[in-house]
Amino acid sequence: MVNYTLTRSVRKTIALHVRDGSIEVRAPLKAPMHVIDRFVSSKEKWIEDKLLYFSDRAKHRESARFEYGDSIPFRGRMFPIENRFADFTGFENGKFYIPPGLNSVEIKAACIKIYRSLAKQLIIERVSYYSSIMGVTPSTVRVNSAKTRWGSCSSKKSLNFSWRIVLADDDLIDYVVVHELAHLTEMNHSERFWAIVGQILPNYKVLKARLKELHFCLGDEAWD
């Protein structure tokens with residue numbers, strides 16, 4: 001029998017959630033235990049596959065290292081990490097330059113610092129471009145370190161973007177920007193919202209699927 005954590009709430013159906021080796025079953029308040037156990041048993045193969053996936057992902061992340069000479073993504077392309085001067089950290093001529101003598105953890109931190117700077121420049125540029133096309137203006141535009149969301153829009157019309165978005169292709173970056181700008185008009189994901197996105201990016205469904213795939217890939221590479 002599969003071991004799991006049971007959470008009861010006001011809901012109509014039983015659902016399974018597997019994450020990083022833990023299994024949670026969410027069930028209606030009055031669902032009988034034998035019904036819940038039978039449901040879990042019917043999903044045993046699916047659970048095994050999910051547990052194996054997260055186990056393999058964790059092993060891959062543990063082995064991921066960042067060294068001089070490695071190549072890392074920026075706007076959908078790969079660029080090398082090189083040491084330069086002790087007081088210089090930045091991106092120039094297609095290379096990530098960081099100080100010499102850093103260990104793997106320090107190299108990753110230095111690269112993230114560069115990414116944040118690049119993200120701020122690029123996001124502001126793309127927001128300005130699409131704002132004029134869509135006829136909307138955010139109150140502020142910020143770059144943060146969000147891990148689970150590429151972007152967000154507050155009720156005060158403030159847009160926030162994760163620096164991680166600059167790892168993606170340019171068309172995916174534009175999709176995230178357009179998505180958040182559309183929220184300035186529709187603070188939901190209604191048909192009207194997607195109609196706004198579709199007017200600017202008719203292939204938004206393809207872009208949305210690619211962005212979801214990228215999220216999992218970056219998690220495997222320890223960027224999340």
Side-chain angles (χ1 to χ4, degrees), residues 17-22 48-127 129 141-152 159-180 206-224:
H17 295 267
V18 178
R19 183 74 178 178
D20 297 334
S22 64
E48 289 177 357
D49 290 343
K50 283 290 185 180
L51 290 174
L52 180 61
Y53 165 77
F54 285 114
S55 176
D56 289 344
R57 190 182 189 197
K59 291 177 182 176
H60 185 81
R61 286 169 58 86
E62 288 174 2
S63 64
R65 296 184 61 81
F66 299 84
E67 307 290 352
Y68 297 103
D70 288 348
S71 292
I72 57 177
F74 174 53
R75 298 177 71 172
R77 296 171 56 195
M78 302 300 288
F79 298 93
I81 302 170
E82 294 194 9
N83 56 49
R84 194 173 188 181
F85 307 115
D87 60 348
F88 182 81
T89 300
F91 181 80
E92 285 187 1
N93 302 318
K95 295 180 180 180
F96 285 84
Y97 287 110
I98 61 175
L102 303 182
N103 61 36
S104 179
V105 174
E106 293 168 334
I107 289 174
K108 180 180 178 181
C111 290
I112 290 175
K113 181 180 179 181
I114 298 173
Y115 276 136
R116 290 184 67 95
S117 176
L118 293 171
K120 186 173 183 179
Q121 299 172 30
L122 180 59
I123 291 299
I124 289 176
E125 172 191 320
R126 302 314 290 163
V127 168
Y129 173 77
V141 178
R142 298 188 179 93
V143 172
N144 58 29
S145 298
K147 294 182 179 181
T148 59
R149 303 176 73 178
W150 296 105
S152 62
L159 301 187
N160 296 277
F161 298 90
S162 171
W163 63 260
R164 291 167 175 78
I165 191 57
V166 297
L167 305 178
D169 294 340
D170 283 354
D171 56 352
L172 298 184
I173 296 173
D174 285 352
Y175 166 73
V176 174
V177 169
V178 170
H179 184 113
E180 299 311 327
V206 174
L207 299 175
K208 182 181 179 182
R210 283 174 52 201
L211 194 64
K212 184 177 181 179
E213 181 180 351
L214 176 65
H215 175 76
F216 284 108
C217 290
L218 295 180
D220 288 343
E221 296 169 6
W223 282 115
D224 67 352

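Just so we're clear, the structure is a prediction, and the values are computed from it rather than from any experiment.
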Asks: Tell me the closest heavy-atom pair linking Leu214 and Ala168, and the distance in Å.
Replies: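 For Leu214 and Ala168, the tightest heavy-atom pair comes out as CD2-CB, 3.3 Å.
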Asks: Kindly compute the distance separating CG (Asn93) from CD (Glu82), expressed to the nearest 0.5 Å.
Replies: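 It is 10.5 Å, given to the nearest 0.5 Å.
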Asks: Could you tell me which non-hydrogen atom of Thr89 sits nearest to which non-hydrogen atom of Ala110, and how far apart they are?
Replies: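 In terms of heavy atoms, the two residues are closest at CG2-O, 3.9 Å.
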Asks: Determine, step by step, whether Val177 and Phe161 satisfy the side chain to side chain contact (heavy atoms under 4.5 Å, CB included) criterion, reporting the C-alpha distance in whole Å, the side-chain angles of both residues, the deciding distance to 0.1 Å, and the verdict.
Replies: CA-CA 8 Å; Val177 169; Phe161 298 90; 4.2 Å; yes
Asks: Restricting to non-hydrogen atoms, name the atom on Val143 and the atom on Lys120 that form the minimum distance, rounded to 0.1 Å.
Replies: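 Val143 and Lys120 have their closest heavy atoms at CG2-CA, 3.7 Å.
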Asks: Rounded to the nearest 0.5 Å, what separation is found between the CD1 atom of Ile107 and the CD atom of Glu67?
Replies: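 Here the interatomic distance stands at 5.0 Å.
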Asks: Do Lys108 and Ile112 touch side chain to side chain, with heavy atoms closer than 4.5 Å?
Replies: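 Result yes, sub-4.5 Å side-chain heavy-atom pair found.
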Asks: Please report the shortest heavy-atom distance between Gly94 and Pro80, naming the atom on each side.
Replies: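 Closest pair (atom of Gly94, atom of Pro80, distance): O-CD, 3.4 Å.
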Asks: Quick check: Tyr115 with Phe96 (ring centres under 6.0 Å apart)?
Replies: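 Yes, ring centres under 6.0 Å apart.
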Asks: Calculate, to the nearest 0.5 Å, the distance between atoms CG and OH belonging to Asn83 and Tyr97 respectively.
Replies: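 So the CG of Asn83 and the OH of Tyr97 are separated by 10.0 Å.
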Asks: For a 4.5 angstrom cut-off between non-hydrogen side-chain atoms, does Arg164 reach Lys147?
Replies: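 In contact.
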Asks: Looking at every non-hydrogen atom in both residues, tell me the closest pair between Leu172 and Leu211 and how far apart they are.
Replies: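 The answer is CB-CD1, 4.1 Å.
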Asks: If you define the side chain from C-beta out and look only at heavy atoms, does anything of Ser117 sit under 4.5 Å from Gln121?
Replies: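 Yes. Closest side-chain heavy atoms under 4.5 Å.
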Asks: Once you round to the nearest 0.5 Å, how far does CZ of Arg149 lie from CD of Glu180?
Replies: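 Going from CZ on Arg149 over to CD on Glu180, the span is 7.0 Å.
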Asks: Closest heavy-atom contact between Leu167 and Trp163?
Replies: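 Taking Leu167 first and Trp163 second, the nearest heavy atoms are CD1-CZ3, 4.5 Å.
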Asks: Are the side chains of Asp174 and Tyr129 in touch, meaning some heavy atoms are under 4.5 Å apart?
Replies: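 Counting from C-beta outward, Asp174 and Tyr129 never come under 4.5 Å.
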Asks: Just so I know, are the side chains of Leu159 and Val176 near enough to count as touching, which here means a heavy-atom distance under 4.5 Å?
Replies: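 Contact flag for Leu159/Val176 side chains = no.
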Asks: Check the pair Phe91, Phe79 against side chain to side chain contact (heavy atoms under 4.5 Å, CB included), reporting the backbone distance first and the verdict last.
Replies: CA-CA 9 Å; Phe91 181 80; Phe79 298 93; 3.9 Å; yes
Asks: Please report the interatomic distance OH(Tyr68) to CG(Leu102), rounded to the nearest 0.5 Å.
Replies: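 Interatomic distance, Tyr68 OH to Leu102 CG, rounded to 0.5 Å: 3.5 Å.
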Asks: Compare all side-chain heavy atoms of Glu106 with those of Asn103 and state whether any distance is below 4.5 angstrom.
Replies: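 Yes, their side chains come closer than 4.5 Å.
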Asks: Which of these, Arg126, Arg77, Arg75, sits in a side-chain hydrogen bond (donor to acceptor under 3.5 Å, both in side chains) with Asp170?
Replies: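 Of all the options given, the one that passes is Arg75.
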Asks: Taking C-beta and beyond as the side chain, do Ile98 and Phe66 meet within less than 4.5 Å on heavy atoms?
Replies: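 Ile98 vs Phe66: side chains apart.
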Asks: Quick check: are there more than 12 heavy atoms from other residues, nucleotides or ligands sitting under 6.0 Å from CD of Glu213?
Replies: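 For Glu213, atom CD is not crowded (no more than 12 foreign heavy atoms under 6.0 Å).
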Asks: Within the 4.5 Å heavy-atom criterion, are Ser162 and Asn144 side-chain neighbours or not?
Replies: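 Sidechains of Asn144 and Ser162: in contact.
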Asks: About how many Å separate CG of Leu118 and CZ of Phe74, when rounded to the nearest 0.5 Å?
Replies: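 Taking CZ in Phe74 and CG in Leu118, the distance rounds to 4.5 Å.
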